[in-house]
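First comes the structure, then the notes that go with it.
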Amino acid sequence: MKYTHHNNELTIEHIGQSVFLKGWVQKSRNLGGLIFIDLRDRFGITQLLVKPDHVCYDIASKIRNEFVIEVKGIVIERESKNKTIKTGEIEVEVTELHILSQAETPPIIVSNDTDALEDTRLKYRYLDLRRPVMQNFLIKRHWITQAIREVLVHEGFYELETPILGKSTPEGARDYLVPSRLYAGHFYALPQSPQIYKQLFMVAGFEKYFQIARCFRDEDLRADRQPEFTQVDIEASFVDQEDVQALIERILVHTFKKILGVDIKTPFLRMSYHDALSLYGTDKPDLRYDLKIQDYTDLFKSIEVPIFQGKSMVRGIITTLSDTFTRKRLDQLADLVKKNHGDTLAYIKYADGQYSGSIAKFLNEEQLKSLWIKDQHILFLVPGEFENVSSALGALRIELANELNLIEKNRYEFLWVVDWPLLEYNEDEKRFYAKHHPFTAPVNPDDLKNNPKQAMAKAYDIVLNGYEIGGGSIRIHRQDVQQLMFDTLGLTKEDIEHRFGFFVDALKYGTPPHGGLALGLDRIVMLMTDTTNIKDVVAFPKTQSAKDMMMSAPSDVEAVQLEELHIKVSE
Ligand code: ASP
C-alpha cells in the first residue's frame, strides 16, 4: 500500500488521524524507555514515538540510522515542540512498524553538514545525494529545466534529439573519441555540441529547435567545468540577433520568477567585447560591483617610472584601503597579476594626507594629485599591452571584490557581450581561428576576404555575475560565405571536403537565415542554487582529474574488447 503522507506534511490539524509513513531513519534515540525516531524522506522529517509497552518496541529498539522502515500510527501533539520544522508540533505514536531494509553504518553521515572528503563523497555518491542539501540541488535542477522547457515549448520550439556518436565538430576543444568495431582505425566523436545537427534541422525546415543536450569536451577541468556538461541548445530560422536575445531573456525571466521568485529586468545591458575587456578586464564581467579599470597611459607619458618605460599602456583600479593590504598581501597580489599575464603591479596609497607606495616617489605632489586618489584609497597600476593588462587587472578586480566584500548576495546582473571579433590571429601558428566557431556569420562577409583581422561577428554571449552562461550567433547560411570562412581559417579543399563536405553541400539546397544559442544548464543551476562548485549540481560528476570515483572510470578493458576495436595500447 502507498503511504498516506510525506514526512513534511503532518501538523496540528492532523491530530487524531491514523497515518501510514515510509522513509529512512535519520536518527533513533531512547529517552527513559521511550524510543524516538526521526523518519526522513525527500520532503522532510516526521518524529515517531514508540512506547515501551508496545508490541513493536523490540523491533524499534533494533533500528539503526538509515534503515528503511514503514510505520502506521496516530498523530499526537508533541510535548516539546520544534518550531523550526513544519512537522515540529506533532509526532506519530507508532502502532505498527516494519523494517523494509537494514543498513550498515554509512561511510558518510546523512545530514546537511558534512566533513567527509570530496573523494569519499564522490565514491559513495548515492549516500552523498541522500543528504537533503544535495537533493535540493538536483530537485532544483529538475524544476529549472522544466521552467526553461515550458517557455520553449510554449513558443513553438520542437524538442529534438541529435546523435551522440557523430563526427568531430569544431568547437575548438579536444574530442572524446569512440573507436569503431566495424571500421578498423575509424572513430566516432562525441559531440562537443550539436552545432552542425541543429543547423541541419534548420536546413530541413523545422524552424524552431531545442534540446537539453549533453556535450563532451576533453579539456582541463576547473571548478566550473566538467568533461560532460549539459546545454540548453537552441536554434531558430528567420531570426536576427535581437530575436534570439529577446527569447533568451523571456526564458530567464520566467525561470528566475518561477524558481526563485525573483523579478529580473529586461532588456539586459549590452556591452561590446572591447568595452568588457577594457573596463572589466574580461569578456564575462561581474557587474555586481563597480571597480572599473581606468586608463593612466597619457598621465604617465611625462612621468619617468622605470617599470613603465617602453610599455604601451598603463591602466589601473582605484579602491578603498584595507587593513588586509599588508606587504605580504601586496606581494601576493603582484604574483596574481603575473600569473594572469601581467607585467608588474605598482601601487600608490593615499591616507591621512600622505602618498606612499611602490612608485609614489617618482611623482611630484601635483602629479600625485592628478591621479584623483581619494583619502584612504589605493591605486593599483599594471603596465603592458592591452590584452595582458586587461587579463591581469580583470583577475585583480575579482580578487579585490572578494577581499573587500563588495559582492552582494542574491543579486543577479545579466549582460549581453556583443560585437565580437570574428577571428583570432595566432601569431605562432600564423593562422586564424574562429573566435566562436566557424559557422558564425560575419557582420560584413566582404571583410573575410579584404580585412579578416577587423572582421566582426554576429555573435553574442550572455553573462551572469561573472559567469558565461551561454553563447550563440547568427550563422552563415550562404554556401559561398561558409566556403570563404573555411578558406580563411586555412582549411584546404581536402580538409573541408573531408570534415565538412556534407555541411557545405547542405547549404546549397535552400538554407533559411538562422541563428541560435546554447545555455550552459549546469552553470545556470549552480548560480541559481548559490553554490560555486559545479559538482554540486551534477548528479554523478567527475573529479578535477576527470575520474568517476564511484565506478572507477576510466578503467581498463578486456583484451578481447580491444582486439575487436582493433586497438593496441602502447606502454
Ligand atoms: N554550439 C555553440 C557552443 O557550444 C553554441 C551556439 O553557437 O549555439 O558554444
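Numbers for residues simply follow the sequence, beginning at 1. Numbering of ligands and ligand atoms starts at 1, following listing order.
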Close side-chain approach of Y209 and P194, heavy atoms under 4.5 Å: yes
Examine S193 against ligand 1 and note whether any of their N/O atoms are separated by less than 3.5 Å. yes
Side chains of T531 and T529 only: does a donor on one sit below 3.5 Å from an acceptor on the other? no
Measuring from non-hydrogen atoms of Q199 to any atom of ligand 1, is the shortest distance under 4.0 Å? no
Checklist entry - Between Y124 and Y126, how do the two ring planes meet: parallel, tilted or perpendicular, split at 30° and 60°? => result perpendicular
Ligand 1 to R217, heavy atom cutoff 4.0 Å, flagged ligand atoms 3 (C), 4 (O)
Taken in chain and number order and not counting sequence neighbours, the residues that satisfy salt bridge (Lys or Arg N to Asp or Glu O under 4.0 Å) with K292 are D290
Ligand 1 N/O within reach of Q192 N/O, cut-off under 3.5 Å:
no
One finds that the ligand 1 atoms under 4.0 Å from a non-hydrogen atom of K198 are 6 (C), 8 (O)
Taken to the nearest 0.5 Å, the spacing of I317 CD1 from L393 CG works out to 5.0 Å
Inset, instruction - Take every heavy atom of H437, measure it against each atom of ligand 1, and state whether any distance is under 4.0 Å. - result: yes
Residues passing the salt bridge (Lys or Arg N to Asp or Glu O under 4.0 Å) test with D530, sequence neighbours excluded, are K409
Geometric N/O contact S473 with ligand 1, under 3.5 angstrom: no
Quiz item: When only distance counts, is E235 in polar contact with ligand 1, meaning an N/O pair under 3.5 Å?
Solution: no
For A518, the atoms of ligand 1 under 4.0 Å from one of its heavy atoms are 5 (C), 8 (O)
Ligand 1 to Q195, heavy atom cutoff 4.0 Å, flagged ligand atoms 1 (N), 2 (C), 5 (C), 6 (C), 7 (O), 8 (O)
Of Q245, Q241, E242, the one forming a side chain to side chain donor-acceptor pair (under 3.5 Å) with R270 is Q245
